Each structure stands twice: as structure tokens, then as C-alpha cells.
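Heads up: the structure comes next, in C-alpha cells.
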Amino acid sequence: MRGQWGLITGIIVALLISVFAVINVEPVEVNYLVGQAEWPLVLVIIGSVLMGGLIVGGVGIYKIYSLQKRIRKLEQENAKLEPDPAKRSRVKERSGHTGSEEAEKKEITNHKQ
């Protein structure tokens with residue numbers, strides 16, 4: 001549902017920008033660092049919107065990529081810290097100890113110290 005509202009909002013904004021751009025068709029002077037040129041205002045407006053969209057999209061893609069990389073790194077660290085639950089249960093079966101017995105042993109050793 002969130003994606004649908006984002007799409008609808010994007011379409012409405014694009015229509016408003018298009019109407020605004022089409023109304024302003026007079027030529028304007030655009031100054032560059034190395035010169036100047038005369039362009040229709042509609043192209044300047046649409047070009048500016050496209051450049052802004054590309055910049056925001058690029059920053060968003062970079063942010064998503066870096067967050068995914070961080071998630072993968074944290075998942076690997078988490079996997080190293082948590083032993084496999086199947087291995088833990090097999091170790092308990094072999095030793096014949098239950099979790100409550102292990103907790104009691106830890107408590108006794110803590111009291112001795």
C-alpha cells in the first residue's frame with residue numbers, strides 16, 4: 001500500500017511540474033562557467049527536475065547499498081557469536097546435562113569465587 005501511495009504522489013508531482021513547465025515556454029539565458037546559451041524555459045525546468053531526481057536516486061541507491069552491506073556484515077558476526085542450535089542440543093545429549101543443571105553448576109562456581 002505504501003508503494004502505491006508513493007507512485008500516486010509521484011505521478012501528481014510529475015503532472016504539476018509538466019503543467020508548470022509547459023506554461024513557461026519563453027526562452028531564457030542560461031549562464032555556464034565557460035559561456036552562456038539561450039534555452040526554452042520548459043527544457044530548463046524539466047532538465048533541472050531530472051537532474052535533481054538522478055542525484056536523489058543516486059544518493060538513495062548508495063545508502064541502500066551501504067545498509068545492505070552492513071546487514072550482511074552484522075549477520076555474519078551474529079552467526080559467529082551464536083552456535084548452531086542443533087549442535088548445542090547434541091552436545092547436551094552427549095553429556096547428559098540439561099540446561100537447568102548447567103545453570104546450577106555456574107551458580108555454584110560463582111558462589112565459590
Side-chain angles (χ1 to χ4, degrees):
M1 189 72 176
R2 181 178 173 194
Q4 291 173 344
W5 282 111
L7 182 64
I8 291 170
T9 304
I11 290 171
I12 291 171
V13 169
L15 285 173
L16 289 173
I17 291 170
S18 299
V19 169
F20 178 73
V22 170
I23 292 172
N24 296 295
V25 292
E26 298 85 24
V28 294
E29 190 173 294
V30 179
N31 294 317
Y32 303 105
L33 292 175
V34 292
Q36 61 187 28
E38 203 167 284
W39 291 76
L41 187 55
V42 64
L43 293 179
V44 173
I45 292 170
I46 292 174
S48 299
V49 169
L50 288 175
M51 288 300 292
L54 288 174
I55 291 169
V56 169
V59 170
I61 288 172
Y62 173 76
K63 185 72 171 176
I64 289 171
Y65 175 75
S66 64
L67 288 173
Q68 287 176 343
K69 187 176 177 182
R70 184 164 185 224
I71 287 171
R72 272 185 260 128
K73 181 182 173 189
L74 291 173
E75 285 176 343
Q76 289 173 352
E77 288 179 15
N78 193 20
K80 289 178 184 177
L81 293 174
E82 289 183 358
D84 186 20
K87 288 181 183 176
R88 277 189 277 152
S89 63
R90 279 186 257 137
V91 170
K92 287 178 187 177
E93 288 173 4
R94 287 183 195 155
S95 65
H97 298 293
T98 62
S100 61
E101 291 174 356
E102 290 177 10
E104 289 176 25
K105 286 182 181 179
K106 286 181 184 177
E107 193 173 314
I108 291 170
T109 55
N110 287 340
H111 286 299
K112 288 180 182 178
Q113 293 174 357

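What's counted below: heavy atoms across the whole structure, side chains too, no hydrogens, waters or symmetry copies. These figures come from a predicted structure and were not determined experimentally.
- Placement of Val13 and Val42 within a single hydrophobic cluster is found when ILVMFWY residues are connected by side-chain heavy-atom separations under 4.5 Å, directly or transitively.
- Separating the CG atom in Leu16 from the CD1 atom in Ile11 is a distance of 12.0 Å, to the nearest 0.5 Å.
- Cluster membership for Val49 and Leu54, using ILVMFWY side-chain heavy atoms within less than 4.5 angstrom, is not shared.
- Linking ILVMFWY side-chain heavy atoms closer than 4.5 Å, directly or via other members, places Tyr32 and Val44 in a single hydrophobic cluster.
- The CD atom of Glu38 sits 6.5 Å away from the CD atom of Glu29 when rounded to the nearest 0.5 Å.
- Of the inter-residue distances, the one linking Ile17 atom CD1 with Ser48 atom OG reads 10.0 Å to the nearest 0.5 angstrom.
- Put simply, OH on Tyr65 and NZ on Lys69 are 5.0 Å apart, with the number rounded to the nearest 0.5 Å.
- Atom CD1 of residue Ile71 and atom CD of residue Gln76 lie 12.5 Å apart, to the nearest 0.5 angstrom.
- Residue Leu43 holds its CG atom at 12.0 Å from CG of Asn24, rounded to the nearest 0.5 Å.
- Residues Val19 and Val25 do not share a hydrophobic cluster, defined by chaining ILVMFWY side chains whose heavy atoms lie under 4.5 Å apart.
- By the criterion of side-chain heavy atoms lying less than 4.5 angstrom apart, applied directly or through intervening Ile, Leu, Val, Met, Phe, Trp or Tyr residues, Val30 is grouped together with Leu41 in one hydrophobic cluster.
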